[in-house]
Amino acid sequence: MTSTPPLKLYNTLTCSKQDFLPLDPANVRMYVCGPTVYDFAHIGNARPVIVFDVLFRLLRHIFGAEHVTYVRNITDVDDKINARAAQDFPGLPLNDAIRAVTETTAARFQADAKALGCLEPTREPRATDNIAEMIAIIGKLIAGGHAYAAAGEVLFSVGSMPDYGRLSGRRLDEQQAGARVAVEAHKRNPADFVLWKLSAENEPGWESPWGRGRPGWHIECSAMSHRYLGETFDIHGGGLDLIFPHHENEIAQSRCAFGTGAMANIWMHNGFLRVEGEKMSKSLGNFVTISDLLETEKFGGRKWPGEVLRLAMLKTHYRQPIDWTVKALEEAERTLDKWYLKLRQSNIDINALPDDDLDEEFMGALRDDLNLAEAIAQLYAVFGDRDMHQSLPASGLASARLIGLLQHTPNEWEEMKRGRLNLDTNKIGSLITARLAARAAKNFTESDRIRDELVALGIQIQDSKDPVTGELKTVWEVKR
RNA sequence: GGCCUCGUGGCGGAGUGGCUACGCAGAGGACUGCAAAUCCUCGUAUCCCAGUUCGAUUCUGGGCGAGGCCUCCA
């Protein structure tokens, strides 16, 4: 604790890296926009989940696990959910159908996040459990002259906030010139956005002072962050695309409702993801969900361990665009194979690792706005060092585990790979025995034939010779 | 049209006002019956044009190129 360099984070609000100084070191508070649960999360959705999980882990390390509160919401009220519910469960009453959609997709999302090695957030509130909070904030906004009811909606009045648009670097007058915002007669300003809208009979709704209706998208996050983190908190994160309008509008709502100068001090945004060089979209047919990757053979003709997905995601700086390719996943898996092999040779008990002894250069890179590319390069150095054959430094291993890698034992890792292929270990054993016999008899034609057969089964063998007795030995592993 | 990123070796991807990481792929070697794995060694890059500077890949300006946002899409 003597003179640790500060954590630096890039702040979208100031367009610069700045030292992170929490409002209250005893309770560091972070909010990240979670998924709208109308469909299974795609691999692009996984990026903020993983990136902010790393930040969560880092903050816990720096400030103490019990001093960090991480809130990631689940948006379970949304018109897309309604449409999905009606489409997928036409026989059910709408409320039941909606619940069926949101329960399934939310559970799937949580399972995905776990498979990707992410810790559970401190809180994972649902929008539908926080309607009262939203109504209270809307009431404050109306009372303060920041919102008005018109034509069955309650709208936020952007003109009531002098520096609206600061986060996204937009000015209201330019917005209007852009002409892409629909001008609607009931809006005072074309950029005014919905806080509450009335629901028809066949739409989900909650009673409110303005009639039975449902919240606009942005108000949910203002409500949930306020309830769990307060009027002003430390870090707000999400994808790049949320800067405008979502985060801009959250800021407007929260600051105007509570009369504060800031909703969050630092705004962080992760970059987008492309798939094999192209934008991911359903029309291009390259839309890939997290569960597709984990449990089907849709991407690259095979399943992928969550840890491979995690490493592949972390090898690119979080603010850079990332190209999601089969090649990158294969490379990530090879790297993990090597590290697990090293770990197996080291005889370190991963359950007895100190969590305060970490590689200094690794930590330096992490503290520099989560420079994971450089941090991971440090891990290559740690795991690749020849002299470390027998003594992998515990600090290197603990470093990898800090960012959620190497969460398994080497045996578990190998088992996962074997399980993926449904291998018949007895058959493999007898083939290897037969091959050893052929080699002993110098029948190399036969031994090579057996090796080809094993390769066809996805097995890679490695021959060795006992240095003392000269005895031939063969070990095998799942082919990389 | 407005705003914002970014252009580094064959590929991915960092940092830096002077000597440019790391990984993959590639080359040579050791080992092997031959392989594989492992180990040793090695090569190759900073979009273009100006400017600032003793010196720029790094700073400034312009150009070209790529991507994103401006549509409740992470």
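These numbers come from the heavy atoms of this one structure, side chains and all, not from hydrogens, waters or symmetry mates. Chain A is the first sequence line, chain B the second, and so forth, proteins listed ahead of strands; every chain is numbered from 1. Because the structure is predicted, anything quoted here is derived from the model rather than measured.
- When the side-chain nitrogen and oxygen atoms of A:Lys279 are compared with OP1 and OP2 of B:A66, none of them lie within a distance under 4.0 Å.
- Rounded to whole Å, atom P of B:A66 lies 15 Å from atom CD of A:Glu278.
- The same atom, C1', is picked in B:U57 and in B:U20; the two are 9 Å apart, to the nearest Å.
- Taking atom CG of residue A:Leu167 and atom P of nucleotide B:C69, one finds them 16 Å apart after rounding to whole Å.
- In this structure, A:Pro204 and A:Leu94 have side chains that are in contact, with non-hydrogen atoms separated by less than 4.5 Å.
- The ring of A:Phe272 lies on top of the base of B:A74, close enough and flat enough: under 5.5 Å between centres, under 30° between planes.
- For residues 284-294 of chain A, the set of pairs meeting the side-chain hydrogen bond (donor to acceptor under 3.5 Å, both in side chains) definition, not counting sequence neighbours, comprises A:Thr289-A:Ser291, A:Thr289-A:Asp292, A:Asp292-A:Lys298.
- In this structure, the ring of A:Trp339 has its center less than 6.0 angstrom from the ring center of A:Tyr380.
- Across the protein-nucleic acid pair, A:Lys315 atom NZ and B:C24 atom P stand 8 Å apart, rounded to whole Å.
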* Structure fact -> Secondary structure of RNA chain B per the Watson-Crick/G-U criterion (both distances under 3.5 Å; [ ] crossing, | other strand, . unpaired) is (((((((..(((.....[...))).(((((.......)))))....(((((..]....))))))))))))....

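- Of the listed nucleotides (B:A74, B:A21, B:C39), B:A74 has the atom at the smallest distance from the side chain of A:Pro48.
- Within the 4.0 angstrom heavy-atom criterion, only backbone atoms of the sugar-phosphate kind lie near A:Leu242; the bases stay farther away.
- With a 6.0 Å cutoff to the six-membered ring centre and a 45° limit on the axis angle, A:Arg123 does not count as a cation-pi contact of A:Tyr70.
- With both ends at atom C1', the span from B:A14 to B:G7 equals 15 Å, rounded to whole Å.
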* Start with the C-alpha gap between A:Thr75 and A:Trp217, add the side-chain angles, then the distance that decides, and say whether side chain to side chain donor-acceptor pair (under 3.5 Å) holds. => CA-CA 8 Å; A:Thr75 296; A:Trp217 177 36; 4.6 Å; no

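- Look at the C1' atom in both B:G9 and B:A45: the space between them is 4 Å, to the nearest Å.
- One atom, CG of A:Leu372, and another, P of B:A21, lie 21 Å apart when rounded to the nearest Å.
- Comparing the same atom, P, in B:A56 and in B:U41 gives a spacing of 34 Å after rounding to whole Å.
- Straight-line distance between the P atoms of B:U52 and B:C11: roughly 34 Å, to the nearest whole Å.
- Contact annotation: A:Arg319 side-chain N/O to B:C6 OP1/OP2 distance is not under 4.0 Å.
- When all heavy atoms of A:Ala373 and A:Lys315 are compared, the pair lying nearest together is CB-O, 3.7 Å.
- The side-chain heavy atoms of A:Trp324 and A:Leu329, taken from C-beta on, include a pair separated by under 4.5 Å.
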Identify all pairs in which a protein N or O lies below 3.5 Å from an N or O of nucleotides 33-36 of chain B, and state each distance.
unit_1 : atom_1 : unit_2   : atom_2 : d
B:G33  : O6     : A:Ser447 : OG     : 3.3
B:G33  : N1     : A:Asp448 : OD1    : 3.0
B:G33  : N2     : A:Asp448 : OD2    : 2.8
B:C34  : O2     : A:Arg451 : NH2    : 2.6
B:C34  : N3     : A:Arg451 : NH1    : 2.9
B:C34  : N3     : A:Arg451 : NH2    : 3.4
B:C34  : N4     : A:Asp463 : OD2    : 3.3
B:A35  : N6     : A:Asp463 : N      : 3.4
B:A35  : N1     : A:Asp463 : OD2    : 3.4
B:A35  : N3     : A:Arg451 : NH1    : 2.9
B:A36  : O2'    : A:Gln460 : NE2    : 3.0

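- There is a side-chain donor-acceptor pair under 3.5 Å between A:Trp413 and A:Asp337.
- Heavy atoms of A:Gly44 sit under 4.0 angstrom from at least one base atom.
- Here A:His246 lies out of heavy-atom contact (under 4.0 Å) with every strand.
- The nucleotide whose nearest atom lies closest to any side-chain atom of A:Asp78 is, among B:A25, B:C72, B:G15, B:C72.
- When the nucleotides B:A25, B:C72, B:G15 are ranked by their closest atom to the side chain of A:Lys197, B:C72 comes out on top.
- The listed nucleotides are B:G13, B:U38, B:G68; the one nearest the side chain of A:Lys338 is B:U38.
- The nearest whole Å value for the distance from the OH atom in A:Tyr10 to the P atom in B:A14 is 15 Å.
- Across all their heavy atoms, A:His218 and A:Glu250 have their closest contact at O-CG, 3.8 Å.
- A:Leu379 has its CG atom 18 Å from the P atom of B:G13, to the nearest Å.
- Across B:C22 and B:G2, the matching C1' atoms stand 39 Å from one another, rounded to whole Å.
- Distances from the side chain of A:Glu331 to the nucleotides B:C69, B:G23, B:A14 place B:G23 closest.
- Separating the P atom of B:C48 from that of B:U38 is a span of 37 Å, rounded to the nearest Å.
- A:Leu402 is listed as a side-chain neighbour of A:Leu366, based on a closest heavy-atom distance under 4.5 Å.
- For the pair A:Arg47 and A:Tyr318, the cation does not sit on the ring face, since its NZ or CZ is not both under 6.0 Å from the ring centre and inside 45° of the axis.
- Using a 4.0 Å heavy-atom distance criterion, A:Gln320 is classed as a sugar-phosphate-only contact.
- For the residue pair A:Glu124/A:Gln110, the side-chain donor-acceptor check at 3.5 Å is satisfied.
- If you find the closest nucleotide of RNA chain B to A:Tyr38 and to A:Gln378, the one lying nearer the 5' end belongs to A:Gln378.
- Distance CD1 (A:Ile376) to C1' (B:G15): 16 Å, rounded to an integer number of Å.
- B:G10 and B:U46 have their P atoms separated by 9 Å, with the value rounded to a whole Å.
- Judged by closest nucleotide on RNA chain B, A:Cys15 is the one of A:Asp241 and A:Cys15 placed further toward the 5' end.
- Comparing B:C22, B:G68, B:C39 against the side chain of A:Tyr380 picks out B:C22 as the nearest.
- In this structure, A:Ile322 places its CD1 atom 17 Å from C1' of B:A66, rounding to the nearest Å.
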